[in-house]
Amino acid sequence: MREHDLFERYESAFEGADDTMRRKGKRTNRRADDAEPTRRGRMTEEEKLRVARVREDQLSSADTPEDGDRWSTWGDADQGPTPHPDWLITELAAVDRELGIVKTGKEADVFLLERAMGDRSCLLAAKRYRSNDHRMFHRDAGYLEGRRMKKSRETRAIANRTAFGRNLIAEQWTVAEFAALSRLWQIGAPVPYPVQRSGTELLLEFIGDAEGNAAPRLAQVRPDEDELLDLWRQLVATLMTLAEAGITHGDLSAYNLMVHDGRLVVIDLPQVVDLVANPRGVEFLDRDVRNICGWFASRGLPPEIGDPSALVATLLEVAGMG
């Protein structure tokens with residue numbers, strides 16, 4: 001079924017031990033003069049500082065480029081779907097340079113990063129999930145239904161929210177968002193291109209201008225009547241694309257949609273929900289729709305166009321659950 005047909009239907013995750021030599025039934029005593037000197041007590045603070053400085057100098061001189069903060073991590077990371085966009089710098093000799101923070105959040109912070117190689121460069125959004133001091137994702141138990149770790153130790157750590165468990169959760173959410181973005185990008189959904197994932201860091205296409213100014217969130221936009229209707233049509237088409245893939249955003253609001261040059265872009269997808277595998281999938285879909293419909297209604301979208309019940313019914317039909 002074609003997208004416009006659907007829309008029309010809607011509208012009408014020391015080596016070993018030292019080897020010890022012993023002789024059976026025999027002990028050897030070493031002369032005091034032959035004994036190796038031993039040291040007792042702890043290192044002084046001054047010695048500790050000296051050793052630390054030597055190590056730091058060795059690491060910094062070996063691992064940090066002169067004109068950036070780090071070498072490109074592209075070769076060591078999970079890479080985004082192919083074909084890679086033409087604007088993306090994939091050379092391993094490229095340099096990453098931090099340009100500042102874009103957004104702070106309870107679960108992750110987003111930084112602006114420039115990756116350069118010679119006279120070519122691209123801007124990326126570095127989304128870094130928190131781990132040890134992780135504040136936890138609100139209502140994360142509901143989102144994690146259907147996602148189980150292979151090892152029982154990991155499952156217990158997550159359930160008990162130990163430090164190890166919180167690290168696992170942070171990485172699990174990162175993996176989930178990278179996978180969701182990769183999948184959605186491949187089916188043509190309006191999402192940032194997922195460049196790479198390394199640990200709890202995601203590098204994404206930067207949605208903004210060439211000067212590093214991020215595009216506004218939908219919540220910040222004050223569209224006129226025609227612009228509002230156009231954004232609504234884009235939203236419905238996007239939700240249908242997600243529903244056809246059997247998923248819903250899980251935490252949709254006007255704060256995780258961006259508007260760049262008139263184009264609606266979906267962001268913040270770590271909690272993407274499988275409509276079938278998650279027993280609360282339909283509940284999350286209904287909440288997503290009612291949240292975003294409420295914003296459009298507050299901006300003047302007529303209720304007969306932005307009817308949440310009708311939209312939910314259409315999305316469930318598209319997902320094969322109607």
Side-chain angles (χ1 to χ4, degrees), residues 3 6-7 77-88 90 102-103 105 107-113 115 122-129 137 143 172-198 200-209 213-221 230-275 281 284-285 288-289 291-292 295 315 318-319:
E3 183 179 283
L6 289 170
F7 186 79
D78 294 333
Q79 299 170 359
T82 55
H84 304 309
D86 293 338
W87 53 263
L88 182 61
T90 59
V102 176
K103 176 182 175 292
E107 295 86 24
D109 298 319
V110 181
F111 298 83
L112 182 62
L113 185 146
R115 176 164 289 175
C122 63
L123 292 178
L124 304 174
K127 185 173 184 180
R128 293 165 185 159
Y129 283 90
F137 294 80
Y143 294 117
Q172 192 175 2
W173 285 98
T174 315
V175 170
E177 181 164 24
F178 185 70
L181 285 168
S182 298
R183 179 182 177 190
L184 289 171
W185 173 267
Q186 290 176 304
I187 63 176
V191 297
Y193 177 74
V195 173
Q196 65 177 69
R197 181 197 71 85
S198 180
T200 56
E201 180 190 73
L202 281 178
L203 292 188
L204 310 171
E205 173 188 1
F206 176 69
I207 307 299
D209 62 30
N213 300 304
R217 306 295 175 110
L218 179 61
Q220 300 171 303
V221 175
D230 180 60
L231 290 170
W232 171 257
R233 290 176 179 271
Q234 290 187 55
L235 172 72
V236 172
T238 297
L239 292 178
M240 287 185 172
T241 300
L242 268 64
E244 191 173 6
I247 59 178
T248 190
H249 186 284
D251 194 25
L252 189 61
S253 76
Y255 291 95
N256 42 41
L257 292 166
M258 301 181 81
V259 182
H260 182 50
D261 293 338
R263 175 174 172 260
L264 202 65
V265 180
V266 186
I267 60 172
D268 294 339
L269 285 147
Q271 69 293 307
V272 64
V273 173
D274 189 304
L275 291 173
F284 281 112
L285 172 65
D288 279 351
V289 170
N291 281 347
I292 199 61
W295 184 88
L315 295 175
V318 171

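- Leu203 has its side chain within reach of Arg115: a pair of non-hydrogen atoms, C-beta onward, lies under 4.5 Å apart.
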- Message: Could you walk me through whether Ile292 and Leu257 satisfy the side chain to side chain contact (heavy atoms under 4.5 Å, CB included) test, starting with their C-alpha distance in whole Å, then the side-chain angles of each, then the deciding distance to 0.1 Å, before giving a yes or no?
- Response: CA-CA 10 Å; Ile292 199 61; Leu257 292 166; 3.7 Å; yes

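- Partners of Gln220 according to the side chain to side chain contact (heavy atoms under 4.5 Å, CB included) rule, which considers only residues two or more places apart in sequence or in another chain, are Pro216, Arg217.
- Between Cys122 and Phe206, the closest side-chain pair of non-hydrogen atoms is not below 4.5 Å.
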Self-check item: Derivation of the side chain to side chain contact (heavy atoms under 4.5 Å, CB included) call for Leu269 and His249
Solution: CA-CA 6 Å; Leu269 285 147; His249 186 284; 3.4 Å; yes

Go through the steps for Glu177 and Tyr129 under the test side chain to side chain contact (heavy atoms under 4.5 Å, CB included), then give the verdict.
CA-CA 11 Å; Glu177 181 164 24; Tyr129 283 90; 2.3 Å; yes

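- Interatomic distance, Leu252 CG to Gln271 CD, rounded to the nearest 0.5 Å: 9.5 Å.
- Atoms CG and CD1, on Asp261 and Ile207 in that order, are 10.0 Å from each other to the nearest 0.5 Å.
- The heavy-atom pair separating His260 from Asp209 by the smallest distance is CE1-N, 4.4 Å.
- Using modelled atom types, one side-chain atom of Gln234 and one backbone atom of Leu264 make a donor-acceptor pair closer than 3.5 Å.
- Side-chain atoms of Tyr193 never come within 3.5 Å of backbone atoms of His84 as a donor-acceptor pair (strictly under, hydrogens ignored).
- Nearest heavy atom pair, residue Thr238 against residue Pro190, reads OG1-CG, 3.3 Å.
- The CD1 atom of Ile247 lies 8.0 Å from the CG atom of Leu275; values are rounded to the nearest 0.5 Å.
- The two residues Met258 and Ala215 come nearest to each other via the heavy atoms CE-O, 3.0 Å.
- By the 4.5 Å heavy-atom criterion applied to side chains, Arg128 and Asp109 are not counted as neighbours.
- No side-chain heavy atom of Glu107 sits under 4.5 Å from any side-chain heavy atom of Pro270.
- Annotation: side chain of Val266 is in contact with side chain of Val191 (closest heavy-atom distance under 4.5 Å).
- At a threshold of 4.5 Å between non-hydrogen side-chain atoms, the residues Pro194 and Leu202 do not count as touching.
- Judged by distance alone, the side chain of Asp288 and the main-chain N or O of Asp251 form a donor-acceptor pair under 3.5 Å.
- Atom OH of Tyr255 has 12 or fewer neighbouring heavy atoms from other residues, nucleotides or ligands inside a 6.0 Å radius.
- Of the inter-residue distances, the one linking Leu218 atom CG with Asn256 atom CG reads 9.5 Å to the nearest 0.5 angstrom.
- How far CG of Asp268 is from CG of Leu181: 9.5 Å, rounded to the nearest 0.5 Å.
- From Gln186, atom CD reaches atom CG of Leu184 across 9.5 Å, with rounding to the nearest 0.5 Å.
- With Arg183 contributing its side chain and Ala245 its backbone, the two residues share a donor-acceptor pair below 3.5 Å.
- Heavy-atom minimum distance, Gly262 versus Asp230: O-OD2, 4.1 Å.
- Glu205 and Trp185 get closest at one heavy-atom pair: OE1-CZ3, 4.0 Å.
- Shortest non-hydrogen contact noted between Trp295 and Val221 is CZ2-O, 3.9 Å.
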